[in-house]
Amino acid sequence: MPIYMPMDPHYNPAAIEAAVQARWQRDAAFRVTEDPARQKFYCLSMFPYPSGKLHMGHVRNYTIGDVITRYQRMHGRNVLQPMGWDAFGLPAENAAMANAVPPAKWTWDNIAYMRRQLQSLGFALDWEREIATCDPRYYRWNQWLFLRLLEGGIVYKKTGVVNWDPVDKTVLANEQVIDGRGWRTGAVVEKREIPMYYMRITAYAEELLAALDTLPGWPERVKVMQANWIGRSEGVEIGFPHAHDDGVLKVFTTRADTLYGANYVAVAAEHPLAAQAAAANPELAAFVERCKQGSVMEADIATQEKEGKDTGLQVIHPLTGGKLPVWVANYVLMGYGEGAVMAVPAHDERDFEFARKYGLPIRQVITNAYEERRRSGDPGFTGTDYAMFNFDETSWKSWYAEKEGKVSTFCINSGALDGLTHSHAVDKVTELLEQKGLGRKRVRFRLRDWGISRQRYWGCPIPIIHCAKCGDVPVPDSDLPVVLPDHLVPDGSGNPLARHAEFTACKCPQCGAPARRETDTMDTFVDSSWYFLRYPCPDQAQKMVDGRTDYWLPVDQYIGGIEHAILHLLYSRFWTKAMRDLGLIATTEPFSNLLTQGMVLNEIFFRRGNDGRITYFNPADVDVETDNRGQRTSLRLRADGQPVEFDGIGTMSKSKNNGVDPQALVDRYGADTARLFMMFAAPPEQTLEWSDAGVEGAFRFLKRLWKLAADHVARGPASALDPAALTPAQRDLRRKIHQTIAKVDDDLGRRYTFNTAIAAVMELTNALTRADDTTPAGRALMAEGLEVSVRLLAPIVPHITDAIWRELGQSLPLIDAPWPQADAAALARESVEVVVQVNGKLRGRVVVAVDASEAEVRAAALDHADVRRFTDGREIRKLVVVPGRLINIVVS
RNA sequence: GCCGGGAUGGCGGAACUGGUAGACGCGCCGGACUCAAAAUCCGGUGGUGGUGACACCGUGUGGGUUCGAUUCCCUCUCCCGGCACCA
């Protein structure tokens with residue numbers, strides 16, 4: 001039965017959306033169960049952090065997922081689309097400090113609000129599978145798996161470097177370090193080493209890299225980023241014996257062929273040799289201390305001025321026997337490799353810069369054919385070659401670091417290596433080193449093990465008990481979960497858990513003596529590394545996962561922001577493989593197809609307070625004045641009229657306070673307009689600068705669609721369509737209908753270009769409106785056109801299309817209506833337009849029969865009056881014919 | 001700094017495999033309806049020149065390949081994402 005009777009001529013989104021959503025609710029339309037008889041489709045969007053309100057990035061992400069979900073469902077698949085909450089994390093602690101509210105209450109309140117927002121947008125989510133990572137029923141399995149991985153040696157303990165705020169005496173996240181200082185105290189941050197738990201992701205490095213080739217459904221750019229991140233490199237580990245004792249300094253290099261050019265070695269400030277030398281050298285000790293200041297972020301370290309200091313210690317070159325100085329350098333990282341590098345200034349750009357700065361010798365050991373020809377006085381040598389390929393100690397040229405690329409390079413000044421090219425020289429030098437026991441080939445990865453300990457309250461407790469006698473003792477499975485007390489309020493000075501005796505006080509599970517519970521919690525990436533395995537079985541109280549996980553996995557389509565291209569996706573792939581190796585799941589790669597959504601950006605405004613602290617203001621609260629040339633003249637906060645500063649544009653986020661709440665849009669125009677506008681604005685993978693210009697246009701289109709349907713319905717039922725009895729104009733219109741089906745099916749199902757799908761349906765409805773044909777055949781065409789348009793748009797704007805669908809007299813719910821099929825007969829055409837170019841410039845068009853011969857098409861093109869103006873009197877040198885599309889006449 | 005991506009009218013974007021640059025929409029201009037406004041409908045809209053037919057120019061910069069380049073190659077500029085404790 002229609003909801004509205006008769007059909008209201010005015011589009012009323014509030015009433016339509018409420019009614020349609022109520023019916024979905026009543027029918028439990030989004031509930032899914034395992035059904036071996038149908039093809040399953042697991043459509044997953046990355047779950048949100050419950051920051052308070054949805055922002056436009058969420059609307060974009062979840063609309064994309066919902067469009068794909070509904071499209072697949074209309075194609076007959078059994079589709080699972082779940083939702084949950086990435087509910088642990090730093091913002092809850094910040095909010096707690098600001099408002100004196102426990103993170104738990106803040107988080108659960110946010111979840112309740114955002115759940116309502118998601119429901120109001122009409123997403124086809126199975127809410128019975130909702131999970132929140134801060135729920136002990138979820139995170140107990142983090143703890144359980146942590147213990148299994150600990151048993152298997154995948155989890156282990158070692159020290160790691162963190163940002164330390166010496167005033168608040170607390171560990172800071174990278175985000176909380178601004179220009180090397182603590183965000184709250186302004187104190188210069190120090191690096192500090194503390195014990196932490198690590199996951200041995202490097203044990204899976206080879207597989208994580210190789211398996212990228214098994215993922216054709218992933219964007220190339222993501223696979224390239226992951227491959228570079230894992231960073232497999234084949235090289236040689238070389239030992240440099242200490243000159244002062246019988247120790248050996250190990251370095252790893254991919255350029256062992258340049259070993260004869262090594263004239264110093266550089267070690268990290270944290271390296272034992274640095275500490276040893278600093279003990280007797282106060283100046284060096286001061287430098288080492290200075291290196292330990294500042295943040296641990298790679299971007300900071302990589303951009304800082306390269307500095308170093310001679311330790312006075314020396315090592316012995318393994319082949320020449322010469323002595324090389326040992327320097328401490330701030331660009332060498334202790335956490336990477338051995339914390340030491342051999343420096344070859346002539347053939348490494350960073351070493352070159354360092355050597356120039358400190359006056360260290362630069363010894364060329366690689367040359368190329370051009371340079372050698374010059375040296376040998378070859379008369380064929382030219383000045384240009386000289387300029388490009390002559391080695392010059394005063395400035396860097398890219399060929400110095402060439403291996404086997406554009407310029408053919410080989411060794412010189414290198415004893416037995418002379419004349420050898422890169423790979424041969426590496427083989428030879430390895431052989432020589434092996435004879436002395438000072439070298440061997442090794443494969444090394446840039447990827448580092450995953451430190452999961454966080455000195456924070458609002459996270460999943462690490463299930464370990466520290467006993468004075470027994471050491472670090474795992475919490476027995478029977479005592480899981482270790483429940484996080486949910487009433488504490490952090491104050492910025494360390495982890496409140498550590499001061500909460502009720503939590504820390506416990507008995508050693510092994511000896512029963514009083515012991516202390518571990519107070520570090522897990523990295524929130526742990527929570528998000530397996531949530532997609534839990535949606536299939538959220539109610540499973542006995543096990544982490546069950547057979548339902550194997551039914552639904554792998555995820556057929558995963559959708560999320562490009563900012564997760566590396567970390568989250570790599571950790572999830574690792575976690576999946578670790579669970580596979582424990583026999584818990586059958587899946588080896590969790591996500592078959594990946595759609596990386598472009599970020600939704602907005603302007604960022606801030607003010608720096610007297611204490612140096614930065615406050616961000618929402619763009620909606622900032623008044624912008626511009627002059628008549630569009631240049632900005634003033635930026636002021638509306639609340640106090642005082643100026644604010646502009647910090648560029650960036651991702652909508654809680655921390656930058658530049659999110660746009662979709663609620664105003666939904667309240668004013670309805671969910672369908674919000675969804676349509678978001679999908680129409682740009683293709684999903686593209687970055688999108690926020691602007692609401694165009695919302696009105698999306699709303700107008702829905703109003704026109706509604707009116708088109710209402711006018712049609714008001715005229716009563718249309719008669720059946722007889723395709724054989726159509727006029728040429730009606731045949732053209734019918735072709736347009738079926739072309740649109742083919743186009744939209746491709747755009748929604750293969751290309752994921754929702755903007756062009758919408759444009760195609762707009763073109764169709766424009767054509768239907770313009771036809772204005774109330775003959776019986778015309779009305780039958782209108783009926784077909786409307787039924788097609790409504791089904792093609794159903795995944796994008798599910799409410800209005802559902803309502804129109806019913807008004808058109810359909811009884812099967814639109815959500816389960818079959819997707820329309822393009823009729824080949826309707827697509828057939830008799831003539832085709834061919835473009836005629838002269839010398840590549842468009843000069844005319846000719847219409848020819850579809851089956852016209854090439855000779856006929858040529859003749860028509862050459863005879864075209866506008867074409868002849870450019871060809872008459874000239875010699876036709878070439879004729880390029882692209883059948884059915886174009887002819888290019890090349891004249892002299 | 002390193003890795004990945006992007007740049008097309010006043011604006012968002014289209015052109016899918018090298019073949020009609022600017023689909024669709026916004027905005028703007030003109031018109032209809034109206035006492036008026038809103039809403040709606042119709043027409044126009046890359047730039048320059050021309051009454052016009054039309055011509056020339058035009059896809060961030062500079063070069064290259066090609067009958068033909070937004071698309072492929074090289075160079076540079078700017079912007080965005082990531083860089084291991086924001087998520």
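A, B, ... follow the sequence lines: proteins, then strands. Residue 1 opens every chain.
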Using the rule given for ring pair (Phe, Tyr, Trp, His ring centres under 6.0 Å), can you reason through Trp530(A) versus Tyr138(A), listing the C-alpha separation, both sets of side-chain angles and the distance that settles it, and then say yes or no? CA-CA 10 Å; Trp530(A) 71 280; Tyr138(A) 179 82; 4.4 Å; yes

Rounding to the closest angstrom, what is the interatomic distance between rC56(B) and rG44(B) at atom C1'? 23 Å

Anti or syn - rG12(B), cut at 90° from 0: anti

Roughly, in whole Å, what's the span from CG in Leu567(A) to C1' in rG82(B)? 8 Å

Asp165(A) and Thr170(A) side chains, donor-acceptor separation under 3.5 Å: no

Within the side chain of Asn657(A), is there an N or O that forms a donor-acceptor pair under 3.5 Å with the backbone of Tyr616(A)? yes

Check this for me: Asp179(A), atom CG, are more than 12 non-hydrogen atoms of other residues, nucleotides or ligands nearer than 6.0 Å? no

Would you mind reading off the distance between Met652(A) atom CE and rG81(B) atom P, rounded to a whole angstrom? 12 Å

Arg184(A) and Gln176(A): side chain donor to acceptor below 3.5 Å: no

With sugar-phosphate meaning primed atoms plus P, OP1 and OP2, does Gly598(A) contact a base, only sugar-phosphate, or nothing at under 4.0 Å between heavy atoms? nothing

Is it true that, when you exclude Glu193(A) itself, more than 12 heavy atoms of the residues, nucleotides or ligands shown sit nearer than 6.0 Å to its CD? yes

What integer distance in Å separates Lys656(A):NZ from rC80(B):P? 10 Å

Would you mind reading off the distance between Asn657(A) atom CG and rC86(B) atom C1', rounded to a whole angstrom? 15 Å

Which is true for Leu90(A) with a 4.0 Å heavy-atom rule: it touches a base, it touches only sugar-phosphate, or it touches nothing? sugar-phosphate

State whether the number of non-hydrogen atoms from other residues, nucleotides or ligands found under 6.0 Å of Arg221(A) atom CZ is greater than 12. yes

Separation of the P atoms in rG50(B) and rA23(B), to the nearest angstrom: 26 Å

rC26(B) and rG46(B), which share atom name C1', separated by this distance in whole Å: 16 Å

One thing to verify: whether Lys397(A) and Glu402(A) come together as a salt bridge, which I'm taking to mean a side-chain N less than 4.0 angstrom from a carboxylate O. no

With a distance cut-off below 6.0 Å to the six-membered ring centre and an angular limit of 45° from the axis, does Lys158(A) pair with Tyr198(A) as a cation-pi contact? yes

Evaluate ring pair (Phe, Tyr, Trp, His ring centres under 6.0 Å) for Phe354(A) paired with Tyr331(A), printing each intermediate quantity in order. CA-CA 10 Å; Phe354(A) 193 83; Tyr331(A) 67 84; 5.4 Å; yes

For atom P, what is the distance between rC83(B) and rC76(B), given to the nearest Å? 26 Å

At 4.0 Å (heavy atoms only), tell me whether His568(A) reaches a base, stays on the sugar-phosphate, or touches nothing. nothing

Do any of residues 55-63 of chain A sit with a heavy atom less than 4.0 Å from RNA chain B, and if so which? none

Classify Tyr331(A) by what it touches in the nucleic acid, base, sugar-phosphate, or nothing, heavy-atom distance under 4.0 Å. nothing

Before giving the answer on side-chain contact (heavy atoms from CB on, under 4.5 Å), spell out for Thr765(A) and Leu708(A) the whole-Å C-alpha distance, their side-chain angles and the decisive distance to 0.1 Å. CA-CA 8 Å; Thr765(A) 56; Leu708(A) 189 65; 4.3 Å; yes

Without hydrogens or angle criteria, can the side chains of Glu763(A) and Thr740(A) be said to hold a donor-acceptor pair below 3.5 Å? no

In B/S/- notation, 5' to 3', how is nucleotides 42-60 of chain B contacted by protein heavy atoms closer than 4.0 Å? ------------SSSS---

Verdict with reasoning, Trp450(A) to Tyr571(A), per ring pair (Phe, Tyr, Trp, His ring centres under 6.0 Å): CA-CA 9 Å; Trp450(A) 174 17; Tyr571(A) 291 146; 3.8 Å; yes

Which letter, B, S or -, goes with each nucleotide of nucleotides 3-15 of chain B from 5' to 3', with contact meaning a protein heavy atom under 4.0 Å? SSS------BSSS

Whole Å only: how far is the CZ atom of Arg877(A) from the P atom of rU66(B)? 13 Å

Taking atom NZ of Lys191(A) as the centre, report whether more than 12 heavy atoms of other residues, nucleotides or ligands fall under 6.0 Å from it. yes

What do the steps show when you test Thr202(A) against Asp449(A) for side chain to side chain donor-acceptor pair (under 3.5 Å), and what is the final call? CA-CA 6 Å; Thr202(A) 51; Asp449(A) 278 338; 2.7 Å; yes

Which dot-bracket string fits RNA chain B when only Watson-Crick or G-U wobble pairs with both atom distances under 3.5 Å count, crossing pairs get [ ], and | stands for a partner on a different strand? (((((((..(((......[....)))((((((.......))))))((((....))))..(.(((..]....))).))))))))....

Roughly how many Å apart are rC86(B) and rA38(B), using the C1' atom of each and rounding to a whole number? 46 Å

Identify which nucleotide among rU20(B), rC86(B), rG81(B) has an atom closest to any side-chain atom of Gln837(A), counting heavy atoms from C-beta outward. rU20(B)

Looking only at atom C1', what distance separates rA39(B) and rU34(B), rounded to whole Å? 11 Å

Atom-pair distance (CE on Met599(A); C1' on rC80(B)), nearest Å: 10 Å

Among Trp458(A), Tyr49(A), Tyr531(A), exactly one meets ring pair (Phe, Tyr, Trp, His ring centres under 6.0 Å) together with Phe88(A). Which residue is that? Trp458(A)

Closer than 4.0 angstrom, basic N to acidic O: yes or no for Asp866(A) and Arg843(A)? no

Write down the protein N/O and nucleotide N/O pairs, taken from nucleotides 37-40 of chain B, whose separation is under 3.5 Å; answer none if there are no such pairs.
{"from": "rU40(B)", "atom 1": "OP1", "to": "Lys703(A)", "atom 2": "NZ", "distance (Å)": "3.3"}

Between rU71(B) and rG18(B), how far is it from one P atom to the other, in whole Å? 11 Å

For the C1' atoms, the ones on rU48(B) and on rG9(B), what distance do you get once it is rounded to whole angstrom? 14 Å

May I have the distance from Asp348(A) (atom CG) to rC2(B) (atom P), rounded to whole angstrom? 12 Å

Nucleotide nearest Ala302(A) when distance is taken to its side chain, options rG1(B), rA23(B), rU20(B): rG1(B)

Does Glu298(A) reach a base, just sugar-phosphate, or nothing at all? Heavy atoms under 4.0 Å. base

Report which part of the nucleic acid Val171(A) touches: base, sugar-phosphate, or nothing (heavy-atom distance under 4.0 Å, all strands). base

Take atom NZ of Lys306(A) as the centre, draw a 6.0 Å sphere, and report whether it contains more than 12 heavy atoms from other residues, nucleotides or ligands. yes

Modelled atom types, side-chain donor and acceptor of Asp520(A) and Gln455(A), under 3.5 Å: yes

Within residues 879-892 of chain A, the residues having a heavy atom closer than 4.0 Å to RNA chain B are Val880(A), Val882(A), Arg885(A), Leu886(A), Asn888(A), Val890(A)

Might you confirm whether atom CZ of Arg446(A) has over 12 heavy atoms from other residues, nucleotides or ligands at distances under 6.0 Å? yes

For atom OH of Tyr752(A) and atom P of rC16(B), their distance in whole Å: 20 Å

If you pin Gly648(A) and Asp746(A) to their nearest nucleotides in RNA chain B, which one's is more 5'? Asp746(A)

Checking only heavy atoms, does the side chain of Arg750(A) share a donor-acceptor pair with the base of rC16(B) at less than 3.5 Å? yes

Arg885(A) atom CZ, neighbour heavy-atom count above 12 within 6.0 Å: no

